[in-house]
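For reference, the structure discussed in these notes is given below.
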Amino acid sequence: MNHNMKLNNAPFEMIKNGTKTIELRLYDDKRRRIKIGDTIRFKAKAGSVTATVKALHIFRNFEELYAALPLDKCGYSSNEVATASPDDMLEYYSKEQIEKYGVVGIEIEVQ
């Protein structure tokens with residue numbers, strides 16, 4: 001199955017160049033349809049790139065996700081990993097949304 005996701009330009013470029021291989025999202029109804037082997041077309045103002053889903057890492061919240069996954073693969077630079085916080089994701093999702101749906105790290109490989 002094919003999926004589409006919008007991104008800001010910075011994370012888009014990291015996915016495109018292979019430094020970000022795990023996309024962090026709310027595990028809502030749209031993301032629950034994603035399966036291993038599916039493709040995701042990431043779109044940004046800078047263009048688009050297609051990736052294959054390699055794994056799904058499902059957690060109750062971003063605290064659990066941040067403790068379990070390598071943050072340098074989630075879009076943080078080596079300088080930012082030490083100060084990375086699950087609260088960073090509150091810029092995108094409310095605490096109520098996170099509690100309701102849980103979260104997912106979508107591990108991808110650009111085609």
How many angstroms lie between atom CZ of F42 and atom CD1 of I15, to the nearest 0.5 angstrom? 4.0 Å
Return yes if some donor-acceptor pair links the side-chain N/O of N61 with the main-chain N/O of E63 below 3.5 Å, else return no. yes
Exactly one of R25, M1, M5 clears side chain to side chain contact (heavy atoms under 4.5 Å, CB included) with I34, and that residue is M5
Note: A84 and L71 closest approach over all heavy atoms is CB-CD1, 3.7 Å
Gap between atom NZ of K100 and atom OG of S94 - 0.5 Å precision: 10.0 Å
Is there a side-chain contact between T21 and K54 in this structure, where contact means two heavy atoms from C-beta onward sitting under 4.5 Å apart? no
Check the orientation of Y66 and Y76. Use parallel for under 30°, tilted for 30 to 60°, and perpendicular for over 60°. perpendicular
Here the gap from L7 atom CG to K20 atom NZ, rounded to the nearest 0.5 Å, amounts to 6.5 Å
Nearest 0.5 Å, please: how far is CD in Q111 from CD in E109? 8.5 Å
Measure from the side-chain N and O atoms of R32 to the backbone N and O of Y101, and report whether any donor-acceptor pair falls under 3.5 Å. yes
Can I106 and R31 be said to form a side-chain contact (heavy atoms from CB on, under 4.5 Å), step by step? CA-CA 9 Å; I106 307 167; R31 262 48 80 168; 4.1 Å; yes
Has the side chain of D38 got a donor or acceptor atom that lies under 3.5 Å from a matching backbone atom of V53? no
Carefully, step by step, assess T50 and V110 under the rule side-chain contact (heavy atoms from CB on, under 4.5 Å). CA-CA 6 Å; T50 302; V110 173; over 6 Å; no
Separation between CZ (F62) and CG (L69), nearest 0.5 Å, reads 10.5 Å
F59 with L56, same ILVMFWY side-chain cluster at under 4.5 Å: no
I'd like to know whether R41 forms a side-chain contact (heavy atoms from CB on, under 4.5 Å) with N2, so could you lay out the CA-CA distance, the side-chain angles of the two residues, the decisive distance to 0.1 Å, and finally the verdict. CA-CA 7 Å; R41 183 173 177 227; N2 299 313; over 6 Å; no
Within this structure, what is the CZ-CD distance for the pair R60 and E99, rounded to the nearest 0.5 Å? 10.5 Å
Are I98 and L65 connected, step by step, through hydrophobic side chains (Ile, Leu, Val, Met, Phe, Trp, Tyr) whose heavy atoms are closer than 4.5 Å? yes
Assess the side chains of N79 and S77: does a donor N or O sit below 3.5 Å from an acceptor N or O? no
Mind listing the closest non-hydrogen atom pair of I108 and A51 along with its distance? CB-CB, 3.8 Å
